[in-house]
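The next block holds one structure in the form of structure tokens; read it before the comments.
We name chains A, B, ... by the order of the sequence lines, and we start the count at 1 in each one.
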There are 2 protein chains.
Amino acid sequence: MNNVLNEIVNFSSLKLYFSILEAKDKLIKHLRQTITLTNEEAVIVSNSFKENRLQKKEVLLFAGEISSHMQFIAEGCLRAYYMDEEAKEHIVQFGIEEWWVNDLYSYLTKTPSKQFVQALEKSTILQIQRDTLNNLYDAVPAIERFFRIKFENAYVAFQYRTIDAMAKSAEVRYLEFRTKYREIEQRVPQYMIASYLGITPEFLSTLRKNLR
Amino acid sequence: MNNVLNEIVNFSSLKLYFSILEAKDKLIKHLRQTITLTNEEAVIVSNSFKENRLQKKEVLLFAGEISSHMQFIAEGCLRAYYMDEEAKEHIVQFGIEEWWVNDLYSYLTKTPSKQFVQALEKSTILQIQRDTLNNLYDAVPAIERFFRIKFENAYVAFQYRTIDAMAKSAEVRYLEFRTKYREIEQRVPQYMIASYLGITPEFLSTLRKNLR
DNA sequence: GAATAATCTTAATCTGGATTAATAAATGAG
DNA sequence: CTCATTTATTAATCCAGATTAAGATTATTC
């Protein structure tokens, strides 16, 4: 009896162990799409990240807290949003597998976050602490390159998203969102897409009716 | 007679030489606010940049061209803007002394720019070519760190500007622009500020009347 | 310093999207 | 399977900011 139980425990912890490997493998693969890492470097990098499992609706970062980790989504779906004076939510970013989510402003300036980061599905993320990452920049310079490139791309993507948002009608933006993020569209409720697009759910609903 | 002429030529080229030094000094000082550079590194960096003088209204980058330089404003005032389908201008960014201006999307993706970059005053800029910069990242790693940090900051600043733009009324945004960029406000025409804020010049004029 | 161009103001009218409020449909927990 | 909660739709009314059009100031240029 005890033996069976033991086996189950071992088996489940083994499963956990493998799934962590899987998540970290995903991270290393992701990094290697942009930079070159020797196997030794990959190990150093791997060991610098901690895995974290999130339940659906679990909040990873609350407004008011200081964000002190960069986080890579290995599995699942998250959102970053802030609440305005009237307690209305505005979604700033969605993230799925192989994206990075965070309130970067809080992370970089070490000031209290204005955003929440929340899991929309059961998710697995890999986190690295600010100090650990700063040390990693010295130990593995390619990581500094990775984030330099990451931020360059994030910046221009965001700039073009904003230009779009100002120049294009809500209808056009919705259609573009659908083609660009088809997968996200199918995984999150419609009112969140409205929030991301900067329109009310009622108006999105009207748009959709007119498109039919 | 010839002697006098010679003297004038020499004097003016000497003046030019000093002003280049001045611009490059400004650059090095600017970099050293963020990173550490040895004097040898400072020389390497300095030599990687070329100075460029711009007349008022001179266009540095046309939409359609591929941006192939990063550029630092040593003196003067520039703007980056794009034109929509109805040939209306939308200002994306202003830049004054010690700012960097560019169509980063074009620079980073090597695709034709959708933006124009234009001098609003007689200006002096320092330019570094993409390939030179990429080599510099290897020769002087602190430069890679500089741009990593620069892009991080640019990204979060832009993100917060966008959140503001969506959440706040045009009046509030104008008031914030005035306090944040008082100097720019005094150097560029009002209709350009309207364009930057994403409103019509007529509406900005109305806002201003109501504020009095 | 007069003429022309560039910029700014005012006022009337119009519109994309918000707000409010009610109902309907889908999801999920027990 | 059922009741409660979460999402989504519809329709009426409202408003911030756009558009249009004219005139008034302010800069530039010759």
Side-chain angles (χ1 to χ4, degrees), chain A residues 55-59 77 79 81 83-91 94 116 118-122 162-178 184-212, chain B residues 55-59 77 79 81 83-91 94 116 118-122 162-178 184-212:
Chain A
Q55 286 313 110
K56 184 170 178 173
K57 297 200 179 173
E58 191 173 337
V59 174
C77 181
R79 64 166 177 160
Y81 66 96
M83 273 166 69
D84 65 19
E85 312 78 49
E86 291 116 48
K88 248 180 276 176
E89 295 176 3
H90 298 263
I91 295 180
F94 287 114
F116 294 81
Q118 183 192 32
L120 298 177
E121 302 172 357
K122 206 172 170 222
T162 306
I163 288 177
D164 270 23
M166 298 184 62
K168 295 179 181 167
S169 70
E171 180 168 322
V172 172
R173 275 181 285 142
Y174 172 60
L175 290 171
E176 289 181 356
F177 179 87
R178 280 220 310 205
I184 291 177
E185 200 216 347
Q186 273 145 19
R187 285 165 73 170
V188 309
Q190 193 174 304
Y191 74 90
M192 287 194 187
I193 295 170
S195 171
Y196 178 85
L197 293 173
I199 59 177
T200 56
E202 293 86 351
F203 189 58
L204 178 54
S205 182
T206 311
L207 284 184
R208 285 164 52 88
K209 186 178 56 173
N210 295 336
L211 288 173
R212 269 186 273 125
Chain B
Q55 285 314 111
K56 186 172 176 170
K57 298 198 180 175
E58 190 173 336
V59 174
C77 181
R79 64 166 175 159
Y81 65 96
M83 273 166 68
D84 65 20
E85 312 78 49
E86 291 116 51
K88 249 179 277 175
E89 295 177 2
H90 299 262
I91 295 179
F94 288 115
F116 295 81
Q118 185 192 32
L120 298 177
E121 301 172 357
K122 205 170 170 226
T162 306
I163 287 176
D164 271 22
M166 298 184 64
K168 294 179 180 166
S169 71
E171 180 168 322
V172 172
R173 276 181 284 143
Y174 172 62
L175 290 171
E176 289 181 355
F177 179 87
R178 280 218 312 203
I184 292 178
E185 199 216 348
Q186 272 145 20
R187 285 166 74 170
V188 309
Q190 194 174 303
Y191 73 90
M192 287 194 187
I193 295 170
S195 171
Y196 177 84
L197 293 175
I199 58 178
T200 57
E202 293 87 350
F203 189 58
L204 178 54
S205 181
T206 312
L207 284 184
R208 283 163 54 85
K209 185 177 57 171
N210 295 337
L211 288 174
R212 269 187 272 124

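- Close to C/dA6, at under 4.0 Å from its OP1 or OP2, lies no side-chain N or O of B/Gln190.
- An angle of 50°, rounded to 10°, separates the two end axes of the helix from C/dT9-D/dA22 to C/dG30-D/dC1, each defined over five pairs.
- With contacts defined as side-chain heavy-atom distances shorter than 4.5 Å, the pair A/Lys56/A/Glu121 does not qualify.
- Separating the CD atom of B/Glu171 from the P atom of D/dG17 is a distance of 9 Å, rounded to the nearest angstrom.
- As rounded to whole Å, 14 Å separates atom C1' of D/dT7 from atom CD1 of A/Ile91.
- No side-chain donor-acceptor contact under 3.5 Å links A/Arg178 to the backbone of A/Glu185.
- Across the protein-nucleic acid pair, B/Arg208 atom CZ and C/dT10 atom C1' stand 14 Å apart, rounded to whole Å.
- In this structure, the side chains of B/His90 and B/Asp84 come closer than 4.5 Å at one or more pairs of heavy atoms.
- Counting heavy atoms from C-beta outward, A/Phe94 and A/Arg187 have side chains that stay 4.5 Å or more apart.
- Of the candidate nucleotides C/dA11, D/dG17, C/dG17, C/dG17 has the atom nearest to the side chain of A/Arg173.
- The A/Phe203 side chain lies nearest to C/dG17 when the options are C/dG17, C/dT9, D/dG17.
- Between A/Leu204 atom CG and D/dT10 atom P the separation is 12 Å, expressed in whole Å.
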Atom pairs under 3.5 Å: protein N/O with N/O of nucleotides 20-25 of chain D:
none

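- The two residues A/Ala170 and A/Ile199 make their nearest non-hydrogen contact at CB-CG2, 3.7 Å.
- The minimum heavy-atom distance between A/Val188 and A/Cys77, with the atom names listed, is CG1-SG, 4.0 Å.
- With distances taken from any side-chain atom of B/Tyr191 to the nucleotides D/dA11, C/dC8, D/dG17, the minimum falls on C/dC8.
- A/Arg208 and A/Tyr174 form a side-chain donor-acceptor contact under 3.5 Å, judged by distance and modelled atom types alone.
- Applying the 4.0 Å criterion to OP1 and OP2 of D/dA8, one finds that A/Lys209 has every side-chain N and O outside that range.
- In this structure, B/Thr206 contributes its side chain and B/Glu202 its backbone to a donor-acceptor pair below 3.5 Å.
- Residues of residues 194-201 of chain B having a heavy atom closer than 4.0 Å to DNA chain D, listed by number: B/Gly198, B/Ile199, B/Thr200.
- Rounding to whole angstrom units, CG of residue B/Asn210 and P of C/dT9 are separated by 12 Å.
- One can place NE2 of A/His90 at 16 Å from P of C/dG17, the figure rounded to the nearest angstrom.
- Considering only side-chain atoms of B/Ala170, the nucleotide from C/dT9, D/dA11, D/dG17 that sits closest is D/dG17.
- Using a 4.0 Å heavy-atom cutoff across all strands shown, A/Lys57 reaches no nucleic acid atom at all.
- The structure places CD1 of A/Ile184 at 13.5 Å from CZ of A/Arg79, a figure rounded to the nearest 0.5 Å.
- Aromatic ring orientation, A/Phe116 versus A/Tyr81: parallel (interplanar angle below 30°, classes split at 30° and 60°).
- Comparing C/dT10, D/dG17, D/dT10 by their nearest atom to the side chain of B/Thr206 picks out C/dT10.
- The two residues B/Arg173 and B/Leu197 have their closest heavy-atom pair at NH1-O, 2.5 Å.
- Whole-Å rounding puts the A/Ile193 CD1 to D/dT6 C1' distance at 16 Å.
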Dump the intermediate steps for side-chain contact (heavy atoms from CB on, under 4.5 Å) on B/Met83 and B/Lys88, then the final yes or no. CA-CA 5 Å; B/Met83 273 166 68; B/Lys88 249 179 277 175; over 6 Å; no

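- Counting only distance, with no hydrogens or angles, the side chain of B/Gln118 and the backbone of B/Lys57 share a donor-acceptor pair below 3.5 Å.
- At the phosphate of D/dG17, neither OP1 nor OP2 sits under 4.0 Å from any side-chain N or O atom of B/Lys168.
- If you measure from atom CG of B/Leu211 to atom C1' of C/dT9, you get 15 Å, rounded to the nearest angstrom.
- Put simply, B/Lys56 has a side-chain N or O that comes within less than 4.0 Å of OP1 or OP2 on D/dT28.
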